[in-house]
Amino acid sequence: MTLFKMLQARHLVEAHTCSAEEMERLLEQPLTVYAGFDPTAECLQAGNFVTIMTLAHLQRAGHKVIALVGGATGMIGDPSGRSSERNMLTEEQVHRNLEGIKENLSRFLDFEGKCGNPAVLVNNYDWYKGYGLIPFLREVGTLFRMRPMLSKDSVQKRLNAENNGMSFTEFSYQILQGYDFYHLRKEYGCSLEVGGSDQWGNITAGTDLIHRVLGPDAVANGLTFPLVCDANGQKFGKSAGNAIFLNKEKTSVYDFYQFFLRTLDADVIRYLKIFTFLPLERIAELEQCVAREPERREAQRVLAEELTRTVHGEDGLRAAQRAASVLFGGSLDGLSAEELESIFKEVPSAVLPREQVVGHPVFEVAAAAGFFSSKGEARRLARQGGLNLNNAKAGEGRTVADADLIGGRLAVVRQGRKNYFLLKVVAQ
RNA sequence: GGUGGGCUUCCGGAGCGGUCAAACGGGGCAGACUGUAAAUCUGCUGGCUCACGCCUUCUUUGGUUCGAAUCCAAGGCCCACCA
């Protein structure tokens, strides 16, 4: 199976600037390929997985991979897929984010060269910082035409949106991304840019520029993958409106694992193809499992395992699984305070002095611990039966007793079915 | 620069002097049912007390009024069209 066919089979191909046959042929010889990442946060999130996996597949197939971090473009903001203007980042923020992103990427990509073709990380700020406005307008600006720029989807959507315009700064984004491709083409011989389908306009800005400068025969192509949504049409990678991050400080290993474990049946096979390196034959087996015994959620389990292992390592995976087996196994009986602490290491916790805990209603204590945004919310929860102490329902009138404190110092508060908090009690 | 339109609680969006903590929808949270599901149904969704009530909110600052999200003035930001 060719690389191109494999990518297609994994739902990683949406559109390409040349014919499918041509793209398939090109991918069979070593190329230099690039994809960009916005340094909008100090670590990547699940939404970046598709780009990362595409690059990883390409690298494994022997292509030279460049990960471009948009230190310069990140300070402007890509209008693609955005309904309103982005907040601009400061230089320091962008710089901090760069480091984190490289570390995140190294979990998937080989930057060391163990496989012979190490991935490269570049920052486009490096080639923009010394570029003056006037030289840039003279040398690069003249190569862009208004009509194609205005006709880009990202621009049209914004201009046509009610009560929503677009600043010149954002409009010029495509020039920068286009120039990035040209720059990498010149410096690294990069001839392919990959990205999400929302990047199509930006990618073609690059291929057009290259053809304009280097001639129509210069090889420069774009390949996009579809944006991943779940079966409900929601953008992939958000849980309760919050992004799933790759850093365990921002998304605990436990939550990360749980996020994938809760994947819908309708999505899980597609996700396995997109987000794991599992052979397609193995995924076909799992598809049978979903069809025959959906309640076992075997495919979800494998998906969560694979991704958690890649992102958080074998230890992270074990910790997440151990926590899950306890939390969903029912009772906390027989567990020592030490065991609980290690299981709940990843779960939000708070420390309160004993006299603020014992004898007080559970909901009040939970609110005081900061598990809820207000006491009213905690009270509501208790009333509706959504508040639990040590895995037992705690109504509005339930107070914390000495006996509730495991090992004299711990209590587990649960909101609803699946949100856990660990309360630590200290003497004074 | 000119003219018009707008800024409401997480989002969208009603409200146009008191009956407004503010309709409705979405989202979110919770409960029942379940497979740690989906779908469905139910409740909740500014804060404090939760019973009344009180407090802080409707871009900002002043003002008019017994009383303003609602009226007036000035400022800020956004949008559209014209130039």
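Predicted model, so just to flag it, every value in this text is computed and none were measured. Proteins get letters first, then strands, A, B, ... in listed order; numbering begins at 1 in each.
Between B:rC11 and B:rG28, the two C1' atoms lie 11 Å apart (nearest whole Å). Using P as the reference atom, B:rC54 and B:rC20 are 14 Å apart when rounded to the nearest Å. Taking the P atoms as reference points, B:rC10 lies 35 Å from B:rG2, given to the whole Å. Between B:rC33 and B:rG47, the distance separating the two C1' atoms is 34 Å to the nearest Å. Rounded to whole Å, the separation between the P atoms of B:rG62 and B:rU70 comes to 15 Å. A gap of 12 Å separates the C1' atoms of B:rC58 and B:rA14, to the nearest Å. Spacing of P atoms, B:rC16 relative to B:rA69, comes out at 13 Å, to the nearest Å. Between B:rU49 and B:rC66, the two P atoms lie 36 Å apart (nearest whole Å).
Residue-level contact check: A:Gln300 touches the bases, meaning some heavy atom is under 4.0 Å from a base atom. Here A:Gly376 lies in heavy-atom contact (under 4.0 Å) with a base. Base engagement by A:Gln258 is indicated by at least one non-hydrogen atom pair under 4.0 Å involving a base atom.
Whole-Å rounding puts the A:Phe260 CZ to B:rG35 C1' distance at 20 Å. In this entry the distance linking OH of A:Tyr420 with P of B:rC29 reads 16 Å, nearest Å. Distance, A:Asn419 CG to B:rC29 C1': 9 Å, rounded to whole Å. Rounded to whole Å, the distance from NZ on A:Lys157 to P on B:rC79 is 19 Å. If you take CZ of A:Arg414 and P of B:rA30, they are 10 Å apart, rounded to a whole angstrom. The CD-P distance, from A:Glu377 to B:rG31, rounds to 13 Å in whole Å.
Searching all strands for a Watson-Crick or G-U wobble partner of B:rC52 with both distances below 3.5 Å returns nothing. Using N1 to N3 plus N6-O4 or O6-N4 for Watson-Crick, or N1-O2 and O6-N3 for G-U wobble, each under 3.5 Å, B:rA37 pairs with nothing. Pairing partner, B:rC20: none, since no Watson-Crick or wobble contact has both distances short of 3.5 Å. Across the strands present, B:rU65 finds no partner; the criterion is a Watson-Crick or G-U wobble pair with both atom distances under 3.5 angstrom. Partner assigned to B:rG25 is B:rC11, using Watson-Crick or G-U wobble distances below 3.5 angstrom. Using N1 to N3 plus N6-O4 or O6-N4 for Watson-Crick, or N1-O2 and O6-N3 for G-U wobble, each under 3.5 Å, B:rA80 pairs with B:rU3.
Place A:Tyr257 and A:Glu396 on RNA chain B by their nearest nucleotides, and A:Tyr257 ends up nearer the 5' end. Each of A:Arg262 and A:Arg379 was matched to the nucleotide of RNA chain B holding its nearest heavy atom; the match closer to the 5' end belongs to A:Arg262.
A distance below 6.0 Å separates the ring centres of A:His312 and A:Phe256.
Under 4.0 angstrom from either OP1 or OP2 of B:rU49 there lies at least one side-chain N or O belonging to A:Lys375.
A:Asp404 approaches A:Thr399 most closely through the heavy-atom pair OD2-O, 3.8 Å. Nearest heavy atom pair, residue A:His57 against residue A:Leu12, reads CD2-CD1, 3.8 Å.
Nearest to the side chain of A:Leu381, among B:rA51, B:rA30, B:rU49, sits B:rA30. Here the nucleotide nearest the side chain of A:Arg297, chosen from B:rA30, B:rU36, B:rU49, is B:rU36. When distances run from any side-chain atom of A:Gln415 to the nucleotides B:rU49, B:rC48, B:rC29, the shortest one goes to B:rC29. Proximity note for A:Lys418 (side chain, C-beta onward) versus B:rA37, B:rU49, B:rC29: the nearest is B:rA37. Out of B:rG43, B:rA51, B:rC29, the shortest distance to the side chain of A:Gln384 is found at B:rG43. You'll find that the side chain of A:Leu264 is closest to B:rA37, out of B:rC44, B:rG35, B:rA37. Among the nucleotides B:rG47, B:rG35, B:rA30, the one closest to the side chain of A:Pro294 is B:rG35. The listed nucleotides are B:rC29, B:rA51, B:rU45; the one nearest the side chain of A:Arg380 is B:rU45. Relative to the side chain of A:Lys393, the nucleotides B:rG35, B:rC29, B:rA32 differ in distance, and B:rA32 lies closest.
Note: A:Tyr271 and A:Phe236 have perpendicular aromatic rings, judged against thresholds of 30 and 60 degrees for the angle between ring planes. Between A:Phe421 and A:Phe371, the ring-plane angle classifies as parallel under the 30° and 60° cut-offs.
Judged by distance alone, with hydrogens and angles left aside, A:Arg417 brings no side-chain donor or acceptor close enough to the base of B:rU36 to form a pair under 3.5 Å.
Distance alone, capped at 3.5 Å, is enough to place a donor-acceptor pair between the A:Arg212 side chain and the A:Leu143 backbone.
Within a 6.0 Å sphere centred on NZ of A:Lys248, other residues, nucleotides and ligands contribute 12 heavy atoms or fewer. Annotation for A:Lys250: atom NZ counts as buried by contact number, over 12 foreign heavy atoms lying within 6.0 Å.
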